[in-house]
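These notes are about the structure you will find just below.
Position 1 is the first residue of the sequence; numbering continues from there. Whatever order the structure lists them in is the order used to number ligands and atoms, beginning at 1.
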Amino acid sequence: MTAKENITAISVDADILEVAIIGAGFSGLGMGIRLKASGMTDFRIFDKGHDVGGTWRDNTYPGCGCDVKSALYSYSFEPWAEWSNAYAKQGEIHQYIRHCAEKYEMYPHLQFNTTVAAAQYDQESGVWEIKTAAGESIKARNVVAAPGPFADAQVPAFKGIDSFKGKIVHTARWDHNIDLAGKRVGLIGTGATGVQVGPAIVDTVKHLTVFQRTANWIMPRLDRDITEEEKARYRKSPSSMKLARLGQYWFNELTAPFLILKYDVFKSQPEKLCRSYLKHKVKDEALREQLTPTFKFGCKRVLVSSDWYPTMQRDDVSLVCDGIERITEKGIVTADGVEHELDVIILATGYEVRKVGAPMPIVGRNKLELNEVWKDGAEAYQGIATADFPNLYFLVGPFTGPGHTSVIAYSEAQIDYVRQAITFRRERGLKSISVKPEVERAFVKTMDARSEHTVWKSGCDSWYLSPNGRNNTLYPGFNAEYRMRIARFNPGNYELMNFANKTVRASIADQLSTSVAALKSV
Ligand code: NAP
């Protein structure tokens with residue numbers, strides 16, 4: 001059978017999707033959009049929710065927004081003139097994602113309310129079988145997993161949590177029926193979420209008690225409204241929006257060494273700036289002391305807020321830095337024995353970001369379980385592919401979270417790489433492609449070595465690190481460098497297997513053609 005006949009044989013099998021995409025957030029949806037743009041229509045996107053948007057669909061807490069500027073926190077191929085602010089709020093981001101789904105005709109490809117429960121690779125046929133929680137079975141040649149790092153809320157196991165007679169709500173699953181007006185509200189957590197929700201509710205509540213375990217570095221949020229004139233200009237000239245995006249992109253790239261590296265030369269200036277901002281905003285010395293971080297700048301996510309410090313100084317706000325001992329019927333008891341009486345407790349305690357184990361049961365070649373392979377930490381070549389799991393790709397996988405810029409800058413580059421890989425397999429009529437173990441190991445070694453220079457490992461505790469203190473979450477480098485690294489899908493780094501179960505080598509023509517494909521996509 002020739003390669004061409006082979007392709008036909010694959011594509012006429014109506015029961016087998018070419019691509020199954022898991023997750024309809026920015027990454028999964030972007031994957032669908034780019035596949036369609038390249039002429040592929042044989043794919044479906046599965047999402048456990050009722051709508052597109054992922055984390056921007058699920059997080060609807062008061063004040064929810066993005067601390068990356070809107071022009072950069074959007075697809076490069078779909079600049080949007082309608083942003084109201086330099087930093088967009090959740091509702092608008094969600095609206096933007098829905099706009100993209102509509103415009104790029106993604107809805108016929110979307111299957112909502114579908115939780116992918118497991119995926120298993122059949123070595124004989126080279127086909128993945130996906131099982132949904134509802135018992136449906138779907139077959140696909142390729143699987144792209146884009147479940148997102150913030151899908152699951154983290155609820156700490158506070159002693160007595162079930163005894164509380166008031167309401168408890170996690171920010172990631174906001175209950176809009178809770179009325180905060182005139183209530184005594186406790187806010188646990190002062191990370192990126194906590195500093196958004198506190199100022200947004202303080203005018204409504206009777207009293208806000210903030211339970212802070214760790215003070216964070218905070219930079220002012222230089223937000224502003226985008227005027228109608230600017231919007232009109234942007235509508236007329238999408239290239240001016242692209243220019244604004246480019247400016248923000250390179251500005252963020254310049255900040256990378258300050259946010260990523262551990263060396264004092266990159267710490268002293270930003271720490272000084274944040275301290276003087278704190279001093280300027282908070283006059284009370286004792287409060288300032290409590291709000292001063294004790295770890296290096298960038299070790300945890302640097303927060304961007306202009307209303308957190310003003311909020312903390314209000315008479316109707318108290319900052320509690322004693323550890324939480326337990327939750328009672330009436331409120332929260334701290335380590336100093338004080339019981340803080342509350343009507344509502346808000347948990348801004350973050351997400352269960354998975355750094356070990358698979359996002360769901362995934363069985364690859366030779367019945368290998370990804371959960372087992374990743375039991376000490378998730379690893380993948382370029383954060384995208386892992387050996388023994390052919391035709392399976394991750395978006396924003398291990399090592400490729402953003403340390404200093406928009407996550408979309410990573411996922412878009414990955415989408416393009418995965419699209420090249422999928423197209424290559426299909427065009428060559430191959431049964432499977434899987435990354436060579438030695439290639440993956442070399443990449444992981446580089447990531448581990450680089451991570452030693454990062455501030456993330458300088459001693460603080462954050463969701464970036466796995467239980468053994470390793471960074472396999474964020475990319476230890478510039479985004480531009482990562483983009484160059486993965487601009488071209490290189491078949492030479494993969495084991496290529498045809499339908500006769502023969503391993504084939506990537507030819508020089510293959511290498512050349514993928515170079516041309518990569519150039520075309522720039
Ligand atoms: P987070 O950064 O993990 O912060 C969780 C907060 O809860 C921390 O202050 C933490 O204290 C506290 N906490 C957790 N367990 C606790 C316990 N048992 N007792 C007391 N305090 C406890 O979570 P997040 O604020 O939701 O942010 C997570 C990530 O989501 C961010 O890093 C960011 O990537 C993303 N995010 C982005 C935006 C945006 O604007 N783009 C907005 C929100 C979130 P410790 O610091 O002491 O652990």
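- Listed as neighbours of ligand 1 are Tyr61, Gly65, Cys66, Asp67, Phe150, Pro156, Phe158, Ile188, Gly189, Thr190, Gly191, Ala192, Thr193, Gln196, Arg213, Thr214, Lys300, Arg301, Ala348, Thr349, Gly350, Tyr351, Trp463, each bearing a heavy atom under 4.0 Å from the ligand.
- Sequence neighbours left out, the pairs with a member in residues 472-481 that pass side-chain hydrogen bond (donor to acceptor under 3.5 Å, both in side chains) are Tyr249-Asn479, Arg450-Tyr475, Arg450-Glu481, Tyr475-Glu481, Tyr475-Arg485, Glu481-Arg485.
- Note that CG of Leu278 is 12.5 Å distant from CD of Glu271, once rounded to the nearest 0.5 Å.
- Taking the six-membered ring for Trp and the full ring otherwise, Phe150 and Trp463 have centroids separated by under 6.0 Å.
- Judged as a side chain to side chain donor-acceptor pair (under 3.5 Å), and not counting sequence neighbours, Glu325 has no contacts.
- Applying the side-chain hydrogen bond (donor to acceptor under 3.5 Å, both in side chains) test to every pair with at least one member in residues 208-218, sequence neighbours left out, gives no pairs at all.
- Salt bridge status for Glu230 with Arg224: present, with a side-chain N to carboxylate O gap under 4.0 Å.
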